[in-house]
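Because the structure is a prediction, the values reported are computed rather than measured. Each chain gets a letter, A, B and so on, in the order the sequences are listed, and its residues count up from 1.
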Amino acid sequence: MQIDPQTLVDSINQIWILYAASLVFFMHAGFGMFEVGQYRSKNSSHQLSKNVLTWAAGIIGYFVFGGAVSAIVAGLTGPESLDIAAAFAYQSGSSVDFTYWLFGGTFAMATASIVSGAIGGRSKLSGYVVYALAVGTVVYPVAVGLVWGGGWLAQMGFIDFAGAGVVHLVGGTAAIVAVYIIGPRMDKFDEDGTPNVIRGHSTSLMVLGTLMLAFGWFGFMTGTVGTVFNLAEGGSGVALGGFEMVGRVAMNTALASGAGVVGAALYPIIKGRRPDPDLMSMGMLCGLVCVCAFGHIAGGYGTIVVSVIAGFQAPVIENIQERLGLDDVVLAFPVHGTAGIIGLLAVPFFVPGGFTLAQLGLQALGIVVLGGWAAMSCGLIYGALKLVGMARVDRETEINGLDKHHTDMTNYPEFMGQSSVPAQEARTERIADGGESAQTSDD
Amino acid sequence: MQIDPQTLVDSINQIWILYAASLVFFMHAGFGMFEVGQYRSKNSSHQLSKNVLTWAAGIIGYFVFGGAVSAIVAGLTGPESLDIAAAFAYQSGSSVDFTYWLFGGTFAMATASIVSGAIGGRSKLSGYVVYALAVGTVVYPVAVGLVWGGGWLAQMGFIDFAGAGVVHLVGGTAAIVAVYIIGPRMDKFDEDGTPNVIRGHSTSLMVLGTLMLAFGWFGFMTGTVGTVFNLAEGGSGVALGGFEMVGRVAMNTALASGAGVVGAALYPIIKGRRPDPDLMSMGMLCGLVCVCAFGHIAGGYGTIVVSVIAGFQAPVIENIQERLGLDDVVLAFPVHGTAGIIGLLAVPFFVPGGFTLAQLGLQALGIVVLGGWAAMSCGLIYGALKLVGMARVDRETEINGLDKHHTDMTNYPEFMGQSSVPAQEARTERIADGGESAQTSDD
Amino acid sequence: MQIDPQTLVDSINQIWILYAASLVFFMHAGFGMFEVGQYRSKNSSHQLSKNVLTWAAGIIGYFVFGGAVSAIVAGLTGPESLDIAAAFAYQSGSSVDFTYWLFGGTFAMATASIVSGAIGGRSKLSGYVVYALAVGTVVYPVAVGLVWGGGWLAQMGFIDFAGAGVVHLVGGTAAIVAVYIIGPRMDKFDEDGTPNVIRGHSTSLMVLGTLMLAFGWFGFMTGTVGTVFNLAEGGSGVALGGFEMVGRVAMNTALASGAGVVGAALYPIIKGRRPDPDLMSMGMLCGLVCVCAFGHIAGGYGTIVVSVIAGFQAPVIENIQERLGLDDVVLAFPVHGTAGIIGLLAVPFFVPGGFTLAQLGLQALGIVVLGGWAAMSCGLIYGALKLVGMARVDRETEINGLDKHHTDMTNYPEFMGQSSVPAQEARTERIADGGESAQTSDD
């Protein structure tokens, strides 16, 4: 049969990458529901605006310049010479170029979305959009250039298959830095620092979002193998590409999602309490984050063990964060940051050649570099946003809810009678504003 | 390696089309959430019945005869001779026939679904189902025959890649015609014509539905390339098929979804207000609708510019519609109709040979023919439905909510205490029925 | 062009199976929303915990031993000799092994999930998890071994394409056995046996879940064709595999989902009532269940007829179940059990050789064996769970809602004011506990 090998390779690879990219895009719907469910309804519409805008602003920025940043960074820090024109070639390239650009763009916006959930309920929409744009088009692409683009960390030998560091540690760090700079919601901590539980308004939506994220994760992981086929040497034939590992990656993704739940559930069980679906959902994501580091090389049992640990640490880190006065609403750092670190540190135990301290050192180096880069760049950005007054809403807006003041639209106009506001919150409002808000009608 | 070229072509093409068809099917879940969130809870269960029935009645009708209509119309109006038996061949054809029939069926039901959201809150379920069936199995397939089937408009040179006209303009026109014939919800306009804002009951579900639709849109757009491979001339080999443009299509889909949001957000910003997530969601869909016309030929920057315009015009057209007394609940015409027109008119700026007035004229011709066909046929159908009393529910049913009267089932029996009904609406009820409804218990 | 035939076959098959597996995984999100919407909000968080834990515990168990059970059963009951090592080979196999294991695992957890919805509102979480684990890793794999693995029923000539028996009859039987052993919710039946309607808290989520399930079903059905390509005889080339029937399978899946809705809607219409979206959603699933038996061989019209019957019987069986005092909350047995039986009995009418009583007898045999196996094994398991007190929560927990007592977390803390509890339920509470619960604050 006659077929051009390049045509076969390119077409089959695009089938795979476009399938995967559509699933990663769907993670935005997942992030949206995961986050909105964890907010009080008075702030929930505002939260949804963030999800829509992260994608909207981000994907345009990623076309205009973000998609070129990683190639430029790789050129600056790796063995290949810098070629600015080639870095921007995706803007007017071939079908294959466009397809891989899209896959990269969905990853960039997933990274930016991690921040979105952490800082809601008190952050300004304008500041967030600037930040998300910066994370998606600069902070993340630099990390890509250093690792997957063939830049410095790649040259050193740092291993991060699908972004436990590049995506999740960077996103989680961006989130916790923003949390620190913006400060906690005013009712999160009592004056003596005792943390209050501020329940989200819908566990249903939160769990729905988690399972949608897990669905998208299959595209995130198996798309990262990159190619089904490659051109064989000499170009006269077709050879197996990244697909040689795709089944392992898919299996480990499934096992990690399950084992993370088990890990998170163990914490309350040990404390004599029953696990709730919110925490178990967090655990599922922890497992999925850690497996990003090693899903291409680990065995099933190894994946289960590490993912149980990744799930278990989330409530532990949550407690530490609360003692430090950090109000990370959706546990973005425990889920993406520390779970990502655990996955990266587990890599040396799975590398084909066997464990070496050298590889462990390289993994630690990568963690420090990626986390440090994200912390430094994000600190500068949100610090600047704070200086110009774009970080945080005023006190009254926060009390009355961001939805009403920002857009005059509540999420659920029929269900938000004054009577349905939790007692404690209603009380806070009355004290804070002398009773005026009690007369504000909700529709 | 030995493989029959036809086997390779058919199998790989089916992988692609079945993937795409499943995503387009998923748009029904998207339409469902997008629409239900924009209705008051008293009408929301009724709205969901429409979504389920559109698919159920429609896909059966599309099997029995709808799938043949486009081939018949193409035969009657194009160069190929009419072959009734061939038009119905999909009913007992090959695997490939069945697969492409399914892809067509999911498109037909998407077109019919556009109507569903526009006319809720006062239209009868029975009338809607007849209408949706007619749109999905006659009105839409005729448009397909004229354009994609190779019929008259195709022969003229009209270009509509993925249905900005065939699907969206036809669906949007079918919606606004039905809106005009049925008339507005009784509390939409004051006696002097001032429009009231009637908020939907859940922005969360509305945004969820939008993002689900955008996910499905990737299948809608990239599936429309039609083939991965074709048989090479002579049949002894395999050549690249529609997939030569698939990456461009996917990239432009992503960019359009983002740019539409930006366009819609600009309108309130210019007016000094903050954009809300409902409007931005509408903008995302506007971008996605317009890109259907030219996604296979435009560059990224061109797509962004046109999609910003498509998003921006939605609130403008909304205002015009309201002045005309049209109660298009989900903005079906601005989102699908005028955004589709904008996309079709943008095509001449992207055609490989460069802009010509002749192509612009052809695009205008296509808009007039498709819009005219939809307006005329849909006017006749809903006009007839109105004559036989199947268009609109009675006054009492509308006041009390369609859910209670139609199925004795409210959507959220636990959350619908009398106290949660917005004040204005409760007042309307009391005036309208002398207080009786106040005693109707909700479960 | 040079390519190793095995590489081509394995890679393309994995593309297909991984796509399908991701859709089947997504059914867990569908089951979650389908079920949670049908429960009162006081039990809904608990229900979500089940959905998360079914996957988490199940997929790990399916890796540790569940994936080996079917091969062992096939070895014990079929012509191939038993090979324990080969049965566990998936744990350290090739990419292809891992991929097919994952596809099997998603099916196993779908089977286990069927139970989840039936027994909520009064069953203990711990007992359910043990049960789901047993169903997913033993009860279901045994059925697989008997049929698809090439075991005894396969040798006899029993036909069940995608699991009308193996998945749905087994799952539905497991559900109704558990329902019988646990007993009805305390307020489901009056003392004289009159059944009460206990409405779920969100039709929106229920319908969303249904459409998500239908989306996943496309992967469930078309993935079951198993292969796109096979190695040609002699191994020097590639031949068409199960994909020769994939288009028919996809078409019939679509038609069955529509026809099931029509069938379910006919029942209330005949009774002079209007169909509600809950019942029509059930009908969609009934059609999808029955087509699992014969979707690879039936024509479109045949599929429509059988699916209408499958949809129509659901409310009939519901009535019978209620007379028998069975409280099957989500109609798991009518939807999965009897609809599956109808599909299996329809197979002889579609087999290529024409109807034979012998095939009908074989189908009946398969129904008796699979249903009997599930009933017996599940009866033993839940019987044992009841003996050790893991079956049912205590009376007070059931009255106050499983969410509060199990995890101290309600699903919707803002929307659950005392006033929003339906009158009858609030009354029950007051009588049952002397008013104490009225003072329990909800956050």
Check against side-chain hydrogen bond (donor to acceptor under 3.5 Å, both in side chains), B:Thr99 and B:Gln14: CA-CA 7 Å; B:Thr99 294; B:Gln14 284 187 88; 2.8 Å; yes
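- Contact of C:Arg273 with chain B is not made at all, since no heavy-atom distance falls under 4.5 Å.
- With a 4.5 Å cut-off on non-hydrogen atoms, B:Leu102 touches chain C through its side chain but not through its backbone.
- Contact record, B:Gly120 with B:Val329: O-CG2, 4.2 Å, taken as the closest heavy-atom pair.
- Contact of C:Leu240 with chain B is made through backbone and side chain together, with heavy-atom distances under 4.5 Å.
- Counting heavy-atom pairs closer than 4.5 Å to chain B, the top residue among C:Val207, C:Ile15, C:Val249, C:Asp4 is C:Val207.
- Chain B forms the most heavy-atom pairs under 4.5 Å with one residue out of C:Ser257, C:Gly299, C:Ala232, and that residue is C:Ser257.
- By number of non-hydrogen pairs under 4.5 angstrom with chain C, the leading residue of B:Thr106, B:Leu48, B:Leu23 is B:Leu48.
- Chain B forms more heavy-atom pairs under 4.5 Å with one residue of C:Ala239, C:Ala214, C:Gly283 than with any other, namely C:Ala214.
- Looking at residues two or more places apart in sequence or on another chain, you find a salt bridge (charged side-chain N to carboxylate O under 4.0 Å, His left out) between B:Glu398 and B:Arg392.
- Interface check for chain C: of the options B:Asp10, B:Leu205, B:Leu53, B:Asn51, the most heavy-atom pairs under 4.5 Å are formed by B:Leu53.
- Only the side chain of C:Phe218 comes within less than 4.5 Å of a heavy atom in chain B; its backbone stays farther off.
- For the residue pair B:Ser41 / B:Asn411, no side-chain donor-acceptor distance below 3.5 Å is found, with atom types taken as modelled.
- Contact tally against chain B (heavy-atom pairs below 4.5 Å) for C:Tyr19, C:Phe229, C:Trp16, C:Tyr301: the top residue is C:Tyr301.
- Interface remark: B:Ser92 contributes no atoms to any contact with chain C (heavy atom separation under 4.5 Å).
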Audit row: B:Tyr412, B:Ser44, side-chain hydrogen bond (donor to acceptor under 3.5 Å, both in side chains) steps and yes/no: CA-CA 9 Å; B:Tyr412 310 99; B:Ser44 60; 5.0 Å; no
C:Val291 vs C:His296, side chain to side chain contact (heavy atoms under 4.5 Å, CB included): CA-CA, chis, key distance, verdict: CA-CA 9 Å; C:Val291 78; C:His296 62 315; over 6 Å; no
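- Each of B:Ile17, B:Val36, B:Asp97, B:Ile59 has some count of heavy-atom pairs under 4.5 Å with chain C, and the biggest count is that of B:Ile59.
- Contacts between C:Met245 and chain B at a heavy-atom distance below 4.5 Å involve the backbone alone (N, CA, C, O).
- Between chain C and the residues B:Gly58, B:Ser22, B:Ala29, the most heavy-atom pairs under 4.5 angstrom are made by B:Ser22.
- The residues B:Lys124 and B:Asp394 are annotated as not salt-bridged, no charged nitrogen and carboxylate oxygen being separated by less than 4.0 angstrom.
- Among C:Ala250, C:Gly260, C:Ala254, the residue making the largest number of heavy-atom pairs under 4.5 Å with chain B is C:Ala254.
- Top candidate by heavy-atom pairs under 4.5 Å with chain B, chosen from C:Leu211, C:Val238, C:Val261, is C:Val238.
- Using cut-offs of 30° and 60° on the angle between ring planes, the pair C:Phe312 and C:Tyr267 is perpendicular.
- When each of B:His28, B:Met33, B:Met212 is checked for heavy-atom pairs under 4.5 Å with chain C, B:Met33 comes out on top.
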Working for side chain to side chain contact (heavy atoms under 4.5 Å, CB included), residues B:Leu125 and C:Arg274: CA-CA 10 Å; B:Leu125 187 61; C:Arg274 290 191 183 85; over 6 Å; no
Side chain to side chain contact (heavy atoms under 4.5 Å, CB included) assessment of C:Met221 paired with C:Thr253: CA-CA 7 Å; C:Met221 287 290 285; C:Thr253 304; 3.3 Å; yes
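- Contact count versus chain C (heavy atoms, under 4.5 Å) is highest, among B:Tyr90, B:Phe25, B:Trp101, for B:Phe25.
- Applying the side-chain contact (heavy atoms from CB on, under 4.5 Å) test to B:Asn230 and every residue at least two apart in sequence or in another chain returns B:Thr227.
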Derivation and outcome, side-chain hydrogen bond (donor to acceptor under 3.5 Å, both in side chains), residues C:Asn252 and C:Thr303: CA-CA 6 Å; C:Asn252 285 337; C:Thr303 296; 3.0 Å; yes
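- Of the atoms belonging to C:Ala20, not a single heavy atom falls under 4.5 Å from chain B.
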